[in-house]
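Order of appearance sets the numbers: ligands from 1, and atoms from 1 within every ligand.
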Amino acid sequence: MIIAPSLLAADFTRFGKEAARVDRSGADWLHLDVMDGHFVPNISFGPKVVEQIRPLVRIPFDVHLMCSRPQVLIEPFARAGANQIQIHVELGDPVTALLWKIKSLNRKVGLAVNPPTAIGMIQPYLEQIDTLLIMTVNPGFGGQEFIHESLPKIAQAAAWRRQKNLGFHICVDGGVDFKTAAECARAGADAFVSGTALFRQTNMKAAVARLRKIVQANDPALADLKV
Ligand code: DX5
Ligand code: ZN
């Protein structure tokens, strides 16, 4: 189970301190939301921020590119210290080349799918990815409400993963809190991006531990073992 706090919910005047707080929390990845004001109606931060916080954090950097032209951003983010780079399946034709580009830079590869996009769109890429990022809100802003219609997509992805004997992570992103994380885990998710729910806690370490316990308790693989 992977817990990935999203820096989008941090205090933007204190990126360094907030990133270090995530590092000390026992989380597994730091999730970094990159928005270009075109693919989504918001702008967040660029490679310079990622480069400057990289030495302050030991855990892997998971860079989520919500951008129309990731081809111009993959190399700068790889250089800035990204360990995994995720692009969106909604980009269409360029997806295959973009996945190979990320792989050729020796970074982990992620593919994200928006709530209105059919899960079938990601099927051709399952063998090529390390992480499938199922958006559980429409991307662009933190603090939105979890979209429950995403749960069957998680279950479908988990079924394909089992049938094809693949090992990619099924990661959920958007409106993930202690309650919705449990629902996602039950559906088959094993990685959890959470911004608002974790950053609003004074004790992030306790919150990460609590979230981890909740998702582990709802892991269907472990439930099978108990029977
Ligand atoms: C949404 C971003 C998410 C966001 C999640 O556009 O991709 O990663 O930060 O934030 P919360 O957990 O607040 O919904
Ligand atoms: Zn994200």
Ser6 and ligand 1 - part of the residue with a heavy-atom distance under 4.0 Å: side chain
Proximity of Asp173 to ligand 1 by residue part, where a heavy atom lies under 4.0 Å: side chain
Aromatic contact, Phe77 with Phe61 (centres under 6.0 Å): no
Heavy-atom side-chain proximity of Leu133 to His64 below 4.5 angstrom: yes
Ligand 1 contacted by Ala197 (non-hydrogen, < 4.0 Å): no
Under-4.0 Å salt bridge between Asp28 and Arg212: yes
Kindly confirm or rule out an N or O of [X] lying under 3.5 angstrom from an N or O of ligand 1.
X	value
Gly175	yes
Met135	no
Ser194	no
Asn138	no

Atom pair CD1 (Ile147) and OG1 (Thr180), whose distance is rounded to the nearest 0.5 Å: 11.5 Å
Salt bridge (charged side-chain N to carboxylate O under 4.0 Å, His left out) between Arg21 and Glu18, intermediate numbers included: CA-CA 5 Å; Arg21 189 175 154 217; Glu18 293 280 68; 3.0 Å; yes
For the Zn ion (ligand 2), give me the closest N/O/S atom belonging to [X], just the atom name.
X	answer
Asp33	OD1
Asp173	OD2
His64	ND1
His31	NE2

